[in-house]
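Below is one structure; the comments refer to it alone.
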Amino acid sequence: MKKDSRIYVAGHLGLAGSALVRSLERCGFRNFLFRTQAELDLKNAAATDSFFAEQRPEHVFLAAAKVGGIHANNTYPADFIRNNLQIQTNVIDAAYRNGVKRLLFLGSSCIYPRDCPQPIREEYLMTGPLEATNRSYALAKIAGIEMCWSYNRQYGTRYLAAMPTNMYGPGDNYNLETSHVLPALIRKVYEAHCAGRREVVVWGTGAPLREFLFSNDFADACVHLMMLDNQAYGTLLSESFPPLINVGYGSDVTIRELAETVCRVLGFEGSLVFDASKPDGTPRKLMDSSRLRALGWQPKIDLETGIRLTFEAAKPILDRNLVAAAR
Ligand code: GDP
């Protein structure tokens, strides 16, 4: 990837996509293609293909997806499988037909079996049943990995799939119905703090373990992968193994510990109440990211620093919500 290579970031306004743009800009790239959802509906195959044919991107980061937390995944499984299959099928196929040099497909650690050994290695893909709360999303992402691999084998493309662990950072979704756990906790703790309440409700038992990666670190990993020379990049693309690579932080915390850290960072001294009527989801999904580390990437932002940075970015949005709710 050269400094003036034509780069399309699909989903550039999302949590991962916006971090990708910041990371690419920091590295000196400047020839970007962006389209909002209103400008280009990636669920529409013809529109997606016309865009690629007209704009001829050379490198594609496929960060456009329908994403959400445990409740959203569990409640709208049809939307998650349909939207994600449509978006990724259209983009991967248009990339092939219009000569894209490298494509990086973004997945998720939920693609791995629910009860697989920890830390999770790439080889554990499809070795057991999936977690029920996000199976439709996970299957769509598995199909995306398989599609990258199939195109590589049949057409000689060079597509790779990066599997991030639970990601967080500026620009996240703070809707409590659809968000992931970290933005939800930041919002709940901040609102309790502002209202002088003494308790915050945390879903589930607090026992599940999750690994959290700051979005800037994830984006740096993706750019690092795209910038690998042909020889190093080629080691990730094998005939005999799907082209996927884990991108994790390296250690995990319980949801209880996570909630306590959010309270500490935000200066909230009340107590946590666990609502066990809500699902825990998978008990643990710590990834083994040693392949990526061997290629020279490692995360820079620890969880507490990341939560502080995320909260600073979110505070104006949360304040606006509070003012709107008070009206
Ligand atoms: P998951 O990693 O796919 O399970 O997705 P989430 O980030 O939505 O949830 C992670 C864990 O945090 C689950 O065990 C949830 O039950 C728990 N959790 C605790 N409080 C909340 C909350 O307010 N919102 C969400 N989304 N999850 C919560």
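We count ligands from 1, going down the list as the structure has it; atoms in each ligand are counted the same way. The model shown is predicted, which means the values in this text are computed figures rather than measured ones.
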[X], portion touching ligand 1 at heavy-atom distance under 4.0 Å:
X	value
Ile255	side chain
Leu182	neither
Asn134	side chain

Option with minimal heavy-atom separation from [atom], where the choices are [options]:
atom	options	value
atom 13 (C) of ligand 1	Asp280, Thr254, Thr178	Asp280
atom 23 (O) of ligand 1	His71, Lys188, Glu131	Lys188
atom 16 (O) of ligand 1	Ala207, Gly204, Pro279	Pro279
atom 3 (O) of ligand 1	Glu177, Met167, Arg256, Lys285	Lys285

Check: Leu225 and Leu292 side chains under 4.5 Å, non-hydrogen atoms = yes
Would Leu213 and Leu24 show up in the same hydrophobic cluster when neighbours are defined by side-chain heavy atoms closer than 4.5 Å?
-> yes
Given Tyr8 and Phe51, is the ring pair (Phe, Tyr, Trp, His ring centres under 6.0 Å) satisfied, shown in steps?
-> CA-CA 11 Å; Tyr8 173 43; Phe51 166 73; 4.8 Å; yes
Any chance the side chains of [X] and [Y] put a donor and an acceptor closer than 3.5 Å?
X	Y	value
Arg114	Asn134	no
Asn84	Asp79	no
Asn173	Thr178	yes
Asn246	Arg291	no

Nearest to [atom], what protein heavy atom do you find, and at what distance?
atom	answer
atom 8 (O) of ligand 1	Ile70 N, 2.8 Å
atom 26 (N) of ligand 1	Ser179 O, 3.0 Å
atom 28 (C) of ligand 1	Val181 CG2, 3.5 Å
atom 20 (N) of ligand 1	Trp203 N, 2.9 Å
atom 4 (O) of ligand 1	Arg210 NH2, 3.0 Å

Where ligand 1 meets Ala184 - atom numbers and elements under 4.0 angstrom, heavy-atom basis = 22 (C), 23 (O), 24 (N)
Proximal atoms of ligand 1 relative to Gly69 (non-hydrogen, under 4.0 Å) | 8 (O)
Without swapping roles, check the side chain of Glu304 against the backbone of Asp302 for a donor-acceptor pair under 3.5 Å.
-> no
Do side-chain atoms of Thr89 reach the backbone of Gln86 as a donor and acceptor pair under 3.5 angstrom?
-> no
With a 4.0 Å cut-off on heavy atoms, is Lys278 touching ligand 1?
-> no
Can you find a non-hydrogen atom of Cys110 under 4.0 Å from ligand 1?
-> no
Ring center gap for Tyr96 and Tyr155 short of 6.0 angstrom | yes
Taking the six-membered ring where the residue is Trp, are the ring centres of Tyr249 and Phe214 under 6.0 Å apart?
-> no
Counting both backbone and side chain atoms, is some N or O of Val202 under 3.5 Å from an N or O of ligand 1?
-> no
Does any N or O atom in Leu185 lie less than 3.5 angstrom from one in ligand 1, N or O only?
-> no
